[in-house]
Amino acid sequence: GRGGWTGSTGELVLTSEGTSAGTAYEVIVSVINPAGEQTSPEVNASGRVESGTHDSVIEGRRMSVPGTALAGVRNGSNPLETASARFETSAIGQSNPLTDASNVITVTIATSVDLVEGDVVTISGLDNAVGASTLTLSSVGNSGGDLFSDGSTQGTASYGGGVLRATVHTGQSVSALTEYAFSFEVRNPSSAQAGGGVEINATGSVSVATAAMAAPYSAALGVGNGSNVMYVVEPVFEVASIGQSTPVAGATNNLTVTLQTNCELPSGSTVTISGLTGTQTPDNGNLTVWSSGGAFG
């Protein structure tokens with residue numbers, strides 16, 4: 001069938017082909033939603049009953065609406081209630097800012113609308129991060145890693161050229177206004193870099209415009225702003241000095257080493273001091289050392 005549509009007034013005129021009293025009929029018409037957000041307007045129905053010279057009038061009546069959520073939008077089932085598809089939360093941080101190091105990147109997202117299976121979340125700007133073509137996603141919040149796949153394997157995402165693509169997996173959905181978090185591991189580049197802005201978007205059943213992801217701007221491993229993704233520094237000794245307690249041949253000699261690095265040295269890290277030749281001290285894998293605060297042992 002056909003109906004008359006006046007877009008400027010939002011009026012649709014339907015012409016009956018003959019209906020029965022007491023029978024409900026359903027009419028479906030497609031329109032293009034407003035470009036921005038809008039609260040559902042009040043919609044009314046009125047009519048006239050074809051009766052020849054003088055028609056009978058059906059008085060206007062406000063139409064009822066479902067009043068339920070749709071696609072994660074409150075009252076989204078109401079006619080012409082629209083919401084902009086956007087990321088309500090998009091944050092990203094890293095565990096390690098040091099060159100060549102393994103680095104766990106954590107992503108937190110929340111969308112204003114639902115994402116359904118097949119929709120793709122793309123994160124770009126992971127400059128020079130080294131990783132396999134498929135990366136494992138670990139769930140950090142609300143089983144975030146399990147929602148996605150590389151297009152086939154649940155709990156993974158595809159990666160290449162500094163771009164991560166996570167596809168909403170079969171049977172999964174990303175609920176609107178719910179924060180999900182997942183992490184994945186890459187290896188940092190071998191050279192220091194400032195790191196650029198990381199961006200995110202989504203495509204598929206909805207289009208979520210590209211937006212900048214929030215950075216933590218906090219320290220990691222003692223490096224200022226080291227939690228910002230792909231901010232990479234080379235670990236160096238800021239101070240490295242050594243002295244002794246006596247120059248007398250054959251005497252017991254306390255060597256004092258002073259070290260300071262531009263980053264933390266987590267437990268298990270090692271420092272090797274070489275060139276201490278000519279001593280009479282035999283090999284000993286358990287040589288006693290004293291250090292301030294028990295920092296080394």
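None of these values were measured; they are calculated from a predicted model.
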Side chains of [X] and [Y] in contact at under 4.5 Å (non-hydrogen atoms):
X      : Y      : result
Leu126 : Leu164 : yes
Val232 : Leu98  : no
Leu259 : Val239 : no
Thr210 : Ile200 : no
Thr122 : Val163 : yes
Leu276 : Ile242 : yes
Tyr180 : Ser143 : no
Phe182 : Thr108 : no

Under 3.5 Å, is there a donor on one side chain and an acceptor on the other for [X] and [Y]?
X      : Y      : answer
Asn254 : Gln244 : no
Glu11  : Thr6   : no
Thr134 : Thr156 : no
Glu238 : Asn262 : no
Asn253 : Ser245 : yes
Gln94  : Asn103 : yes
Thr82  : Asn33  : no

Would you check if the side chain of [X] reaches a backbone N or O of [Y] as a donor-acceptor pair within less than 3.5 Å?
X      : Y      : answer
Ser77  : Pro66  : no
Ser90  : Ile109 : no
Asn44  : Gly60  : no
Ser291 : Ala295 : yes
Asn142 : Gly144 : no
Thr167 : His169 : no
Thr281 : Thr279 : no
Ser95  : Val104 : yes
Asn188 : Thr99  : no

Can you hop from [X] to [Y] via hydrophobic side chains spaced under 4.5 Å?
X      : Y      : answer
Leu287 : Val271 : no
Val168 : Val73  : yes
Val233 : Val236 : no
Leu80  : Val206 : no
Phe237 : Ile273 : yes

Worked verdict on Thr89 versus Glu179 for side-chain hydrogen bond (donor to acceptor under 3.5 Å, both in side chains) = CA-CA 7 Å; Thr89 301; Glu179 283 197 352; 3.1 Å; yes
Please give me the minimum heavy-atom distance between [X] and [Y], naming the atom from each residue.
X      : Y      : result
Pro79  : Ser40  : O-OG, 2.7 Å
Gly93  : Pro216 : CA-CG, 3.9 Å
Gly18  : Ser16  : N-OG, 2.8 Å
Gly125 : Val198 : O-CG2, 3.8 Å
Leu14  : Gly3   : CD2-CA, 4.5 Å
Ser84  : Ser112 : O-OG, 2.6 Å

If you round to the nearest 0.5 Å, how far is [atom2] of [Y] from [atom1] of [X]?
X      : Y      : atom1 : atom2 : value
Leu137 : Leu147 : CG    : CG    : 9.5 Å
Thr106 : Ile92  : OG1   : CD1   : 8.5 Å
Tyr25  : Ser20  : OH    : OG    : 3.5 Å
Arg187 : Asn96  : CZ    : CG    : 11.5 Å
Glu117 : Ser149 : CD    : OG    : 10.0 Å
Ser139 : Phe148 : OG    : CZ    : 10.0 Å

key: Test log, rule side chain to side chain contact (heavy atoms under 4.5 Å, CB included), inputs Asp55 and Val57   = CA-CA 6 Å; Asp55 292 342; Val57 175; 5.9 Å; no
request  = Take Met230 and Gln193, measure what side chain to side chain contact (heavy atoms under 4.5 Å, CB included) needs, and give me the verdict at the end.
outcome  = CA-CA 7 Å; Met230 301 323 299; Gln193 62 180 31; 3.5 Å; yes
ask   = In terms of heavy-atom contacts, does OH of Tyr159 have more than 12 from other residues, nucleotides or ligands at under 6.0 Å?
value =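 It does: Tyr159 OH has more than 12 such atoms within range.
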inquiry  = Once salt bridge (Lys or Arg N to Asp or Glu O under 4.0 Å) is applied, what residue pairs with a partner in residues 145-171 remain, sequence neighbours excluded?
reply    =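 Every candidate salt bridge (Lys or Arg N to Asp or Glu O under 4.0 Å) pair involving residues 145-171 fails, so no pair, neighbours aside, qualifies.
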task = Output, in order, the C-alpha distance, side-chain angles, deciding distance and verdict of side chain to side chain contact (heavy atoms under 4.5 Å, CB included) for Asn201 and Val208.
result = CA-CA 5 Å; Asn201 66 58; Val208 184; 5.6 Å; no
message = With side chain to side chain contact (heavy atoms under 4.5 Å, CB included) as the criterion, how do Val186 and Ile105 come out once you've worked through the C-alpha distance, each side chain's angles and the decisive distance to 0.1 Å?
response = CA-CA 8 Å; Val186 295; Ile105 295 176; 3.8 Å; yes
request  = Run the salt-bridge test on Glu59 and Arg61 with the 4.0 Å N-O cut-off and return the result as yes or no.
outcome  =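 No, this pair does not count.
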